[in-house]
**Q** 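Mind looking over this structure? Questions follow.
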Amino acid sequence: MTEYVTVTSDAPLGRNGAIKLHGPDAFVGMHAAGKLAAETLDMIAAHMVPGVTTAEIDALVYAFIKSRGGVPATLGYRGYTHSCCISINHVVCHGIPSEKTLKSGDIVNVDVTPIFDGWHGDSSRMYLIGDVPLKARRLVEVTYECLMLGIEQAKPGNTMGDVASVIQRYAESHRYGVVRDFCGHGLGRLFHDAPEVVHVGRPGTGPELKPGMIFTIEPMINIGRPDVKLLDDGWTAVTRDRSLSAQFEHSIGITETGCEIFTVSPAGLHKPPYA
Ligand code: MF3
Ligand code: CO
Ligand code: CO
């Protein structure tokens with residue numbers, strides 16, 4: 001049975017498996033944190049070019065978030081020591097910034113999670129580096145559409161399965177594989193909270209969506225099979241068949257009538273090309 005708990009401001013809650021139903025104060029906090037996440041992803045767009053190292057992007061992310069009064073949630077998170085994740089080509093997620101340079105033809109996900117005033121804003125976008133082949137650009141486009149189709153289903157009365165099933169149906173109609181091993185998640189004062197937000201499933205199944213729920217949707221879509229494997233660094237997840245993978249992520253909150261997206265790009269850089 002799914003358990004829900006109404007969050008009251010005098011009772012800060014830890015992670016107890018129940019789905020939190022947040023009040024208006026949380027929505028205000030999440031809009032501010034989400035905006036900072038989106039502005040960070042806007043800021044790096046001009047820097048996502050051939051020759052730049054992913055460590056340089058990470059440094060820009062760190063400096064920008066700090067300059068706005070935020071802190072990257074990933075810094076020191078379970079031993080992770082960087083300000084963002086940068087996942088290139090067949091890397092599914094959790095790519096670690098390094099001295100590796102971006103090259104023309106790469107498709108790259110950058111995932112940022114600033115903490116601002118105690119609230120977590122979690123968002124990622126894809127970037128196209130130089131000239132990217134049509135096949136890869138199509139994957140990126142379809143993955144963005146998967147995220148937005150999922151968000152369209154995020155409203156009271158629907159279930160997590162309604163969100164998941166539209167994502168799965170659309171991705172599989174293009175003969176892409178939807179990653180099972182990583183999910184979206186509740187968030188707020190916590191980085192990762194209940195519920196688990198899966199990206200494959202059947203309509204009408206899973207927890208019902210209720211006003212006050214706050215969570216991410218972050219589908220990872222592969223040109224090939226859904227299967228992933230973890231590299232020896234303990235973080236980097238790659239496609240087993242080495243096919244290209246793409247991901248977009250928004251943080252959203254369920255309202256009485258639908259949902260609010262906390263991480264919309266103020267600059268209108270929703271999906272590439274951004275130029
Ligand atoms: N931002 C990622 C997410 O969407 C989590 C990254 S955790 C890290 O949930 F430690 F790998 F950075
Ligand atoms: Co997330
Ligand atoms: Co993220």
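Counting starts at 1 for both ligands and their atoms, in listed order.
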**Q** Looking at the Co ion (ligand 2), is one of the N, O or S atoms of His185 less than 2.8 Å from it?
**A** yes
**Q** Check His185, Arg15, Lys20 against Asp193 for a side chain to side chain donor-acceptor pair (under 3.5 Å) and give me the one that passes.
**A** Lys20
**Q** Can you confirm whether the side chains of Glu218 and His199 place a donor and an acceptor under 3.5 Å from each other?
**A** no
**Q** Does an N or O anywhere in His94 fall below 3.5 Å from an N or O of ligand 1?
**A** no
**Q** Between the Co ion (ligand 2) and Glu218, which N, O or S atom of the residue is the nearest one?
**A** OE2
**Q** What is the ring orientation for His82 with Tyr80, classed by angle as parallel under 30°, tilted 30 to 60°, or perpendicular over 60°?
**A** perpendicular
**Q** Check Glu218 against ligand 1 and report side chain, backbone, both or neither, counting heavy atoms closer than 4.0 Å.
**A** side chain
**Q** Should the pair Asp131-Lys103 be classified as a salt bridge under the 4.0 Å nitrogen-to-oxygen rule?
**A** no
**Q** Look at Arg137 together with Glu141 and state whether they make a salt bridge at an N to O cut-off of under 4.0 Å.
**A** no
**Q** Under 2.8 Å from the Co ion (ligand 3) - does any N, O or S atom of Asp122 fall there?
**A** yes
**Q** Indicate, with yes or no, if the rings of Phe27 and Phe262 have centres closer together than 6.0 Å.
**A** yes
**Q** Report the residue from Glu249, His250, His31 that forms a side chain to side chain donor-acceptor pair (under 3.5 Å) with Thr263.
**A** His250
**Q** Could you tell me, atom by atom, which parts of ligand 1 come under 4.0 Å of a heavy atom of Cys85?
**A** 6 (C), 8 (C), 11 (F), 12 (F)
**Q** Could you identify the single nearest non-hydrogen protein atom to atom 12 (F) of ligand 1 and state the distance to 0.1 Å?
**A** Thr74 CG2, 3.0 Å
**Q** Is there at least one pair of N or O atoms, one from His185 and one from ligand 1, spaced under 3.5 Å apart?
**A** yes
**Q** Parallel, tilted or perpendicular: which one describes the rings of His192 and Tyr77, with boundaries at 30° and 60°?
**A** tilted
**Q** In the protein, which heavy atom is nearest to atom 2 (C) of ligand 1, and how far is it?
**A** Asp111 OD2, 3.4 Å
**Q** What N/O/S atom of Glu249 gets nearest to the Co ion (ligand 3)?
**A** OE1
**Q** Under 4.0 Å from ligand 1, counting heavy atoms only, is it the side chain of Asp122, its backbone, both or neither?
**A** side chain
**Q** Against heavy atoms of Trp235, which atoms of ligand 1 measure under 4.0 Å?
**A** 8 (C), 10 (F), 11 (F)
**Q** Looking only at distances, can you tell me whether any N or O atom of Tyr77, backbone or side chain, sits closer than 3.5 Å to an N or O atom of ligand 1?
**A** no
**Q** Does Phe191 come within less than 4.0 angstrom of ligand 1, counting non-hydrogen atoms of the residue?
**A** yes
**Q** Run the numbers on Ser251 and Asp122 for side-chain hydrogen bond (donor to acceptor under 3.5 Å, both in side chains), then give the verdict.
**A** CA-CA 6 Å; Ser251 298; Asp122 192 4; 5.4 Å; no
**Q** I need the nearest protein heavy-atom contact for atom 9 (O) of ligand 1: residue, atom name and distance, please.
**A** His192 NE2, 2.8 Å
**Q** Please could you name the atoms of ligand 1 that Thr113 approaches to less than 4.0 Å, counting only its heavy atoms?
**A** 1 (N)
**Q** Are there more than 12 heavy atoms of other residues, nucleotides or ligands under 6.0 Å from atom CZ of Arg180?
**A** yes
